Amino acid sequence: MAWRFKVSKFKNATPKFPKKEELIQEVPVGNPSYSCGNHIKASCVYMVFNVDTTNGGSLGYLPLNAQGRIGSDLCYIHAHGEFVSDYDFSPFDDYMLASGAYDNTIKVWLLPEEFVRGSVTDPVLSLPTQNHRIENVLWHPTAEGVLSVSTDKSIKIFDVAAGKENYANNVHGDQVQSISWKSTGSVIASTCKDKHLRLLDLRGNAVVQETEGHQNVKDTRVLWLGETEYIFSTGFNRNQQREYKLWDIRAFQSPLVTSDAQGNGTLMCFYDEDTKMVFLAGKSDSSIKFLELTEKSPYLTEGMTDHTEQIKGAALVPKRAMELMSGEVDRLLLLARQSIISVPFIVPRKSYRDFHDDLYPETACGEPALTAEQWFSGEDNVVAKVKPTPNKPLVKHERRGLLLGNGTKYSYSNQEEIAVSKVEVTVKPSVTAPKPAVQQKNPAVTPGAQDSKRVTSPSSTNIPTSKVNLNGLLETQQPPAEPAENPAKIIKAFKGVHQSKLRYVIGKTLHPSTHITNIKNLCKTIPGESDFFVANNHRCAVPLEACDNARINVWKIPPEGLPVGPSQDKPEFYLRGHSEKVYFVRYHPLVKDILMSSSYDMTVRMWNLSTKSEVMQLRGQEDQVFCIGWSPCSKLCATVCKDGLIRVYEPRKSPDPIRQGKGPDGSRGARVLWVLDGHYLLVSGFEKTSNQQLIMYNAETLQVLNTVEVERNPSILIPHYDEDTSVIYLHARGERTVDNYEVCDESPYLFPNTSINLTSLHQGLVFVPRNKLDVAAVEVARAWRLTNNTVEPVSFTVPRVRTEYFQDDLFPDTRVTWEPALTADQWLAGQNTKPRTISLRPVGMKLLSEAPLEEPKPKKYESYNPSVYKSDEQKKDELMTAIVGKLELSSEPLPQDLAEGVEEDEWED
């Protein structure tokens, strides 16, 4: 990820506590501090919370925008015969609630579409009664109708539509205290009274990883931080002091971060995947605070801590319910003694008249990615994301209901079963029309145009829906946009200023003494799929003649170089398999002797050079393959093809693609590579009109995130990605320009830096490994550049002032990519490893981050500093004194005094 180069937009997010009259007051809150639940939950429409009743078996519910004194207007869900320990709203239905209790029962409820005073007494269904009380209830994050429940030492998975238990895991040594799904829905994390933290594959009934967690049996919490490889947990140490820990599952034996947290109550934790913010609220505490997750030490950065009433429970409101025009990025609901406090987190901006687009990255659209049947059969997928915009609210004002296995759908309105053959998932407009925006002198939607009670009414139903096609691939369907009723009310998105440390990178050709000159007979008929020019740390190869046969010749150059004399026409060996002309070959970047090739026979083949044999042939390509790119983890590869599709393969498991998506429309050529630790794909290609373009994809879903058009010559843009600085360098044959973009994981994903214009046209560039850089000159990249008759080194540097220090913000530890991490046999046998990393810091060079701060130069006049303040009269006197001081004092007459005059008669006509 590229977080290390960005200043967080959310570090100054401030909780805005409501006024007394805006509180939800006179709520009969019970004393639920002894259960494993958080005692309050929220959807985009309702909030549900524990209330003080005779046996604790009832819940209260209110609209999310409720305010003021509630009293007898509170509505109840008479849910269970004993205390309701935990409950959860479905992520795909704002009206569906699952609950579990100490009476060993699990029930599912549908709340009414319109809030009316009354009570709910009948669930739409009850799941099988358990042998022990229920501790945790949690819906699956991607599959509809899949419910996870913890009871005693077990975690159980239910198919809610079928009303049956499908999986039960009994690996825990004591009571399970909390559970949390990874947002991809493949693995679940759990904490237990046996003091262990586990990662479980429930479908395979297997423990993926296990480690010692917190050293006290008191209540613990676990939170999987979205799609990342990080786990957050809270608990107590041996001395019963509260603490929280951050874990990296790639090194799970010890936590990355351990920090004390004052207090005695259970520390509840919540995570917003869009803003990378972790919120903490302790039971019986009177303060809340948030942390920000980064991928570099210190990993967790503490934000603001604010004080409030004593907390009994807390919940995080879904992102689809945020007030976009007020800068609200998150909202906590706090359950207090006799009230509920709604606390929005606002990012301060000078004005909220315009929509601040940079605060709202794409978020989950609220539609399931899988059915329960698909997930139980072993499929995994991610929920489609959609960009929040004020004119297209994401709050759903229709209940999906619950489709049962016998083809019936429950509706709360009459509590009867209604026979249906198929349920179409749609989003209907709200019955209540949205309030019109207030007209301003500067036409824009203002915060005042929204309902003061935080009700979000949809003005459009054009919310993207997702489905799974016959190939098991996620497709996102965008409905046609509706024309705006009033152009004056269109909100102009504001893009925040992106600060890049390589924005002003300088490129220059090094001294002529370093050039290779007098290259003759350069062949320019090489296919466009070839990069034309290759080099390593010792040698470079330029094309003098095109090879038209179907063989792949493998040459071995001795360390002392080829002997001078007749040309070498006999390779060490050759590979046969293609039936047509080969136009590109690609070595595996981490594995020795693994080679990929493609030719005009429309095949992609993998070779093992140690055995001189073909390993496999990738299937699924229906036309000419333009390029292949390996992922940083070395497991996956991606191809871009003339048939207009991108395909992702895991070649050691299958020669068939594991997913595919739409690629560039043009058929003139393309390149593909993986960026940001393999989370994204970048493709350079052409439009139908032959304009060059860059396309950014989500590597998991192959969803297009951004497209940048480049008006350049008709040659293919060849990209090079520097993973240490997250910068893409782009060049094309027949140009003298090198463009570069910084790649980030937030919209618009590609941020242009200064283009570099060289003195002559080039045919190709090859970038050298980072261990060859002159870091003392702040050289961030170096390339060998092939022109029509020379090979010249080009240095890319960043202007810095204190170059005597090692610029550790530009030179993190780099991966050793110039040495193989595995042999071909090891890799083909299934082994995986990460290349080692090294520091580029020269011996004895001090770090810039540890350099003393330079004192600012004093200004001559500082009106804001009373000690050096000078009045206007003082400034005038100083100026006059300076002028007089420059005049030379002399007793000699002035030149005009020595001039001769004229006689009187000379003035006459």
Side-chain angles (χ1 to χ4, degrees), residues 43 88-94 96 98 108 127 137-149 155-167 169 179-189 199-206 208 224 226-227 273 318-320 362-386 394 396 399-405 407 409 420 422-427 463-478 648 650 654 656-661 698-703:
S43 71
D88 192 31
F89 276 104
S90 167
F92 313 120
D93 190 332
D94 292 323
M96 183 180 291
V108 179
L127 295 174
V137 176
L138 186 63
W139 289 98
H140 194 277
T142 65
E144 186 174 37
V146 177
L147 185 68
S148 54
V149 172
I155 299 177
K156 300 188 176 184
I157 305 296
F158 291 89
D159 184 343
V160 174
K164 65 177 182 178
E165 174 188 316
N166 278 19
Y167 299 111
N169 186 287
I179 54 178
S180 177
W181 284 101
K182 188 175 184 179
S183 66
T184 58
S186 56
V187 191
I188 196 170
L199 310 183
L200 308 171
D201 178 3
L202 296 179
R203 288 175 296 188
N205 196 25
V208 179
W224 203 308
E227 294 186 24
E273 189 171 359
K319 289 302 290 286
R320 294 182 289 113
E362 288 187 333
T363 192
C365 69
E367 298 290 346
L370 298 168
T371 64
E373 182 180 3
Q374 289 171 327
W375 187 80
F376 284 121
S377 66
E379 293 186 34
D380 285 317
N381 214 332
V382 294
V383 173
K385 293 190 175 184
V386 63
L394 301 178
K396 295 177 172 57
R399 294 177 303 165
R400 295 171 60 95
L402 188 65
L403 180 66
L404 301 183
K409 179 181 177 182
V420 292
K422 183 180 180 181
V423 176
E424 294 291 342
V425 178
T426 58
V427 180
I463 298 176
T465 59
S466 60
K467 68 177 183 179
V468 179
N469 62 20
L470 296 179
N471 296 324
L473 304 175
L474 181 69
E475 295 181 353
T476 302
Q477 298 178 333
Q478 296 283 351
V648 177
E650 193 168 359
S654 172
D656 296 310
I658 59 175
R659 53 183 174 270
Q660 64 184 28
N698 184 312
E700 290 291 331
T701 63
L702 295 184
Q703 176 188 4

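Keep in mind it's a predicted model, so treat the numbers as computed, not measured.
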Engineer: Does Trp375 have any ring-ring contact (aromatic ring centres under 6.0 Å, His included) partners at least two apart in sequence or in another chain, and if so, which?
Structural biologist: His140, Trp181
Engineer: Does Glu165 have any salt bridge (Lys or Arg N to Asp or Glu O under 4.0 Å) partners at least two apart in sequence or in another chain, and if so, which?
Structural biologist: Lys156
Engineer: Taking only residues two or more places apart in sequence, or in another chain, which ones meet Ser183 in a side-chain contact (heavy atoms from CB on, under 4.5 Å)?
Structural biologist: Glu227, Glu273
Engineer: Sequence neighbours excluded, which residues qualify as side-chain contact (heavy atoms from CB on, under 4.5 Å) partners of Glu650?
Structural biologist: Leu636, Lys653, Ile658
Engineer: How many angstroms lie between OG in Ser186 and CG in Leu202, if you round to the nearest 0.5 Å?
Structural biologist: 10.5 Å
Engineer: Does the side chain of Thr142 reach to within under 4.5 Å of the side chain of Asn381, using non-hydrogen atoms?
Structural biologist: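 Heavy-atom side-chain distance check fails, nothing below 4.5 Å.
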Engineer: Indicate the atoms forming the closest heavy-atom contact of Leu702 with Gly661, along with that distance.
Structural biologist: CD1-N, 3.3 Å
Engineer: Under the side chain to side chain contact (heavy atoms under 4.5 Å, CB included) criterion, do Asp94 and Arg320 qualify, and how do the steps go?
Structural biologist: CA-CA 11 Å; Asp94 292 323; Arg320 294 182 289 113; 3.0 Å; yes
Engineer: Are Val137 and Leu147 close enough, and set up right, to give a side chain to side chain contact (heavy atoms under 4.5 Å, CB included), and what steps lead you there?
Structural biologist: CA-CA 7 Å; Val137 176; Leu147 185 68; 3.8 Å; yes
Engineer: Could you work out, with side-chain contact (heavy atoms from CB on, under 4.5 Å) as the rule, every residue matching Pro91, not counting sequence neighbours?
Structural biologist: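 Result, side-chain contact (heavy atoms from CB on, under 4.5 Å) vs Pro91: Trp139.
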Engineer: Of all residues at least two apart in sequence or in a different chain, which pass the side-chain hydrogen bond (donor to acceptor under 3.5 Å, both in side chains) check with Asp201?
Structural biologist: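 Counting only residues at least two positions away or on another chain, Asp201 forms no side-chain hydrogen bond (donor to acceptor under 3.5 Å, both in side chains).
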Engineer: Any side-chain heavy atom of Met96 sitting closer than 4.5 Å to one from Glu144?
Structural biologist: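 No, too far: nothing below the 4.5 Å cut-off.
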Engineer: How long is the straight-line distance from CD1 of Ile155 back to OH of Tyr167, given to the nearest 0.5 Å?
Structural biologist: 14.5 Å
Engineer: Suppose we screen for salt bridge (Lys or Arg N to Asp or Glu O under 4.0 Å). Which residues come up paired with Asp88, at least two apart in sequence or across chains?
Structural biologist: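 Partners of Asp88 under the salt bridge (Lys or Arg N to Asp or Glu O under 4.0 Å) test: Lys41.
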Engineer: Checking Ala699 now: which residues fulfil side-chain contact (heavy atoms from CB on, under 4.5 Å) with it, not counting sequence neighbours?
Structural biologist: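 With neighbours one apart ignored, the set is Trp674, Leu681.
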Engineer: Check salt bridge (Lys or Arg N to Asp or Glu O under 4.0 Å) between Asp656 and all other residues, then give those that pass, not counting sequence neighbours.
Structural biologist: Arg619
Engineer: Using 4.0 Å as the upper bound for N to carboxylate O, is an ion pair formed by Arg203 and Asp380?
Structural biologist: yes
